[in-house]
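Whatever order the structure lists ligands and atoms in, that order sets their numbers, starting from 1. Only this structure's heavy atoms are used, side chains among them; waters, hydrogens and symmetry mates stay out.
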Amino acid sequence: MRNLLVTGGAGFIGSNFVHLMLERGGFERLVNLDALTYAGNLDNLSDVQDDERYVFVKGDIRDADLLDELFARYDIDTVVNFAAESHVDRSITEPLIFLSTNVVGTQTLLEAAKHAWKLNPADKYSREYRPGVKYLQVSTDEVYGALGKTGMFTETTPLAPNSPYSASKASADLMVRAYHNTFGLPCNITRCSNNYGPYQFPEKLIPLMIHNAEAGESLPVYGDGMQVRDWLHVRDHCSAIATVLEKGVDGEVYNIGGNNEKANLYIVQLILKTLGKGEELIRHVKDRPGHDRRYAIDNTKITTQLGWSPAYTFEQGMAETIEWYQTHRAWMEKIISGEYQNYYQDMYQNV
Ligand code: NAD
Ligand code: TYD
């Protein structure tokens, strides 16, 4: 790994990954390609913008000409694709953009990597690539669908996505699989559970609830709030991706999770308790259509085969995360004072 192309690096997980990689080093340049949609925020990266190893490019992963130019200009040998539409609720109201960005965008990026890295691009049978190249697709446990009360997702669990978001991520994964199997492109797919931590856009459960609790506003819990997610600190997700870049076997899928299953209601209560607020702020609202009941990741493969393990306990991670949002009110205010107001009014009109 010498020159990395990180896509979607101005979003939540991508910006945490850029921070982690610049702290760790071991490469020459990191190019962050991000379209700066509503979810992209350069404030997440203000402290690294002058780092000489770091380059930001505003652009779209569906722009094939731009991709060809970036691969050539920066001699890219490693791609980590975070760029995506990432919010389930938005995929219910606007599915098409999820297909376009998540599926067509991924295919465009795969094609650019194949074109740049294949030793003999004119030969359709050739499976030889420059040594050391790697395409890593950042995917999600949501591609596996929903679990009942027991069981966990392994890498061989059949794909059974339920939302337009997870269907688009599963489709992108299948395209990565096809580029590996048909063209021999060196690829990995990682499938991580729900992330929490700094710089998360406040449409997602944890930052939304922290903000509303602090502001003394209602906390909208979908349905009975007993849906279970398997939470992982974003830095642990990023360290797992770095591990897969370093040691992942080409063509393999790696699930990432930290064995932290929690019901949504438990998380909301924990946030209220930590902030010294009362549970009367909780408002049960109409459930999300097609809401997956439970996710849980079996992380045996990445822990035993690649030696990765999470560093954060849930208690420590949540305490630090709540404090981060308390000490970064200006970051939050800037986001929620803009277009976010319209989204919130539309989404939570009866709350
Ligand atoms: P996010 O919505 O915070 O960030 C997405 C970023 O992608 C933004 O900076 C946005 O501007 C950029 N982007 C969107 N469309 C683009 C395009 N066409 N071209 C270039 N950039 C574009 O998302 P996130 O929560 O950081 O998730 C990152 C990735 O991780 C996604 O692929 C998501 O599916 C996956 N993932 C997320 C979670 C989670 O809990 N958040 C868990 C597992 C996997
Ligand atoms: P979210 O952060 O949107 O992640 P995902 O849907 O990808 O798991 O939601 C996490 C859980 O919290 C999910 O079960 C939906 C629930 N939720 C609420 O109950 N209220 C809310 O306002 C939001 C945003 C989510």
Does any part of the side chain of Met209, heavy atoms only, come nearer than 4.5 Å to the side chain of Asn212, both counted from C-beta? no
Find all atoms of ligand 1 within a distance of less than 4.0 Å from any non-hydrogen atom belonging to Thr37, and give their numbers and elements. 10 (C), 11 (O), 14 (C), 15 (N)
Find all atoms of ligand 2 within a distance of less than 4.0 Å from any non-hydrogen atom belonging to Glu203, and give their numbers and elements. 24 (C)
Which residue and heavy atom of the protein sit nearest atom 18 (N) of ligand 1, plus the separation: Asp60 OD1, 3.0 Å
Determine, considering heavy atoms only, which of Glu142, His284, His291, Lys262 sits nearest to atom 15 (C) of ligand 2. His291
When you compare ligand 2 with Pro220, is there at least one nitrogen or oxygen pair between them that comes in under 3.5 angstrom? yes
Heavy-atom contacts with Lys169 under 4.0 Å: which atoms of ligand 1 show up? List them by number with element. 31 (C), 32 (O), 33 (C), 34 (O)
Where do Lys114 and Tyr179 land on the side-chain contact (heavy atoms from CB on, under 4.5 Å) test, with the steps shown first? CA-CA 8 Å; Lys114 172 167 82 72; Tyr179 267 70; 3.8 Å; yes
I want to check a possible cation-pi pair here: Arg229 against Tyr295, using under 6.0 Å from ring centre and within 45° of the ring axis as the test. yes
At what distance is the nearest protein heavy atom to atom 8 (C) of ligand 1, and which residue and atom is it? Asp34 OD2, 3.6 Å
re atom 22 (O) of ligand 2, the protein heavy-atom contact at minimum distance is Tyr348 OH, 2.6 Å
Going by heavy atoms, is Met209 under 4.0 Å from ligand 2? yes
To the nearest 0.1 Å, how far is atom 40 (O) of ligand 1 from its closest protein heavy atom, and which atom is that? Asn195 N, 2.9 Å
Test your reading of the structure: does Tyr295 have an N or O sitting under 3.5 Å from an N or O of ligand 2? no
Given the ring of Tyr38, does Arg90 sit roughly above its face, with NZ or CZ under 6.0 Å from the centre of the six-membered ring and within 45° of the axis? yes
Ignoring angles and geometry beyond distance, decide whether Leu33 reaches within less than 3.5 Å of ligand 1 through its nitrogen or oxygen atoms. no
Sub-4.0 Å atoms of ligand 1 with respect to non-hydrogen atoms of Ser193: 42 (C), 43 (C)
CZ of Arg177: more than 12 outside heavy atoms within 6.0 angstrom? no
Regarding ligand 2, does Asn194 bring an N or O atom to under 3.5 Å of one of the ligand's N or O atoms? yes
Which of the numbered atoms in ligand 2 are below 4.0 angstrom from a heavy atom of Val221? 19 (O)
Just by distance, with hydrogens left out, do Gln345 and Asn342 show a side-chain donor and acceptor under 3.5 Å apart? no
Is it true that Tyr199 and His19 have ring centroids separated by less than 6.0 Å? yes
Determine, stepwise, if the pair Arg53 / Arg29 fulfils side-chain contact (heavy atoms from CB on, under 4.5 Å). CA-CA 5 Å; Arg53 297 165 299 169; Arg29 187 174 273 120; 5.6 Å; no
Does even one non-hydrogen atom of Phe82 get within less than 4.0 Å of ligand 1? yes
His87 heavy atoms within 4.0 Å reach ligand 2 at atoms 3 (O)
Check ion pair Lys301-Glu252 (N to O, under 4.0 angstrom): yes
Considering the options Leu70, Asp34, Ile61, which one meets the side-chain contact (heavy atoms from CB on, under 4.5 Å) requirement together with Thr7? Ile61
Among all protein non-hydrogen atoms, which one is nearest to atom 19 (N) of ligand 1, and what is the separation to 0.1 Å? Ile61 N, 3.0 Å
How far is atom 21 (N) of ligand 1 from its nearest protein heavy atom, and which residue and atom is that? Ala35 N, 3.1 Å
Do Phe56 and Leu33 have side chains that approach each other closer than 4.5 Å (heavy atoms only, starting at C-beta)? no
Do you reckon Val104 sits in the same ILVMFWY cluster as Met175, going by side-chain contacts under 4.5 Å, direct or chained? no
Could you tell me which atoms of ligand 2, counted from 1 in the order shown, lie closer than 4.0 angstrom to a heavy atom of Lys204? 2 (O)
Looking only at distance, does Gly11 have an N or O less than 3.5 Å from an N or O of ligand 1? yes
Return the option from Ser86, Ala172, Ser168 holding the heavy atom at the smallest distance from atom 1 (P) of ligand 1. Ser86
Nearest protein heavy atom to atom 36 (N) of ligand 1, by residue and atom, and its distance? Ile13 CD1, 3.9 Å
Please list the nearest protein heavy atom to atom 2 (O) of ligand 2 with its residue and the distance rounded to 0.1 Å. Leu205 N, 2.9 Å
Who's the nearest protein heavy-atom neighbour of atom 15 (N) of ligand 1, and how far? Thr101 CG2, 3.5 Å
Taking it one step at a time, do Asp236 and Trp308 satisfy side-chain contact (heavy atoms from CB on, under 4.5 Å)? CA-CA 9 Å; Asp236 282 331; Trp308 170 85; 4.1 Å; yes
Whether Asp77 and Lys134 form a salt bridge (side-chain N of Lys/Arg under 4.0 Å from carboxylate O of Asp/Glu) is what I want to check. no
Check Glu214 with Arg329, please: is the shortest side-chain N to carboxylate O separation under 4.0 Å? yes
Could you tell me the residue and atom name of the protein heavy atom closest to atom 43 (C) of ligand 1, and the distance to it rounded to 0.1 Å? Cys192 O, 3.4 Å
Would you call Asp89 and Arg288 a salt bridge, taking side-chain N to carboxylate O under 4.0 Å as the test? yes
Atoms in ligand 1 flagged as close to Asn194, the criterion being non-hydrogen separation under 4.0 Å: 40 (O)
Salt bridge between Arg293 and Asp287, side-chain N to carboxylate O under 4.0 Å? no
Gly59, Ala84, Gly8: member with heavy atom nearest to atom 14 (C) of ligand 1: Ala84
Should we say atom CD of Gln326 is surrounded by more than 12 heavy atoms from elsewhere, each under 6.0 Å from it? yes
Side chain proximity check, Phe201 to Pro207, heavy atoms < 4.5 angstrom: no
Tell me which one of Arg283, Arg288, Met226, Arg90 gets a heavy atom nearest to atom 3 (O) of ligand 2. Arg288
Ring pair (Phe, Tyr, Trp, His ring centres under 6.0 Å) partner of Tyr196, the single match among Tyr325, Phe314, Phe12, Trp324: Phe314
Heavy-atom proximity to atom 33 (C) of ligand 1, picking from Phe12, Tyr295, Tyr38, Tyr165, points to Tyr165
Does atom CD of Glu320 have more than 12 heavy-atom neighbours, drawn from other residues, nucleotides or ligands, at distances under 6.0 Å? yes
Quick check on Gly105 - does any of its heavy atoms sit under 4.0 Å from an atom of ligand 1? no
So, 4.0 Å and heavy atoms of Leu36: is ligand 1 close enough to count as a contact? yes
Show me which atoms of ligand 1 lie under 4.0 Å from any heavy atom of Ser139. 43 (C), 44 (C)
Tell me, please: is Ser100 in heavy-atom contact with ligand 1, that is, under 4.0 Å? no
Closest by any non-hydrogen atom to atom 11 (C) of ligand 2: pick that one out of Val88, Asn264, Ile206. Asn264
Nitrogen or oxygen of Tyr222 less than 3.5 angstrom from that of ligand 2: yes
Counting from 1, what ligand 1 atoms have a heavy atom of Ala83 closer than 4.0 Å? 7 (O), 20 (C), 21 (N), 22 (C)
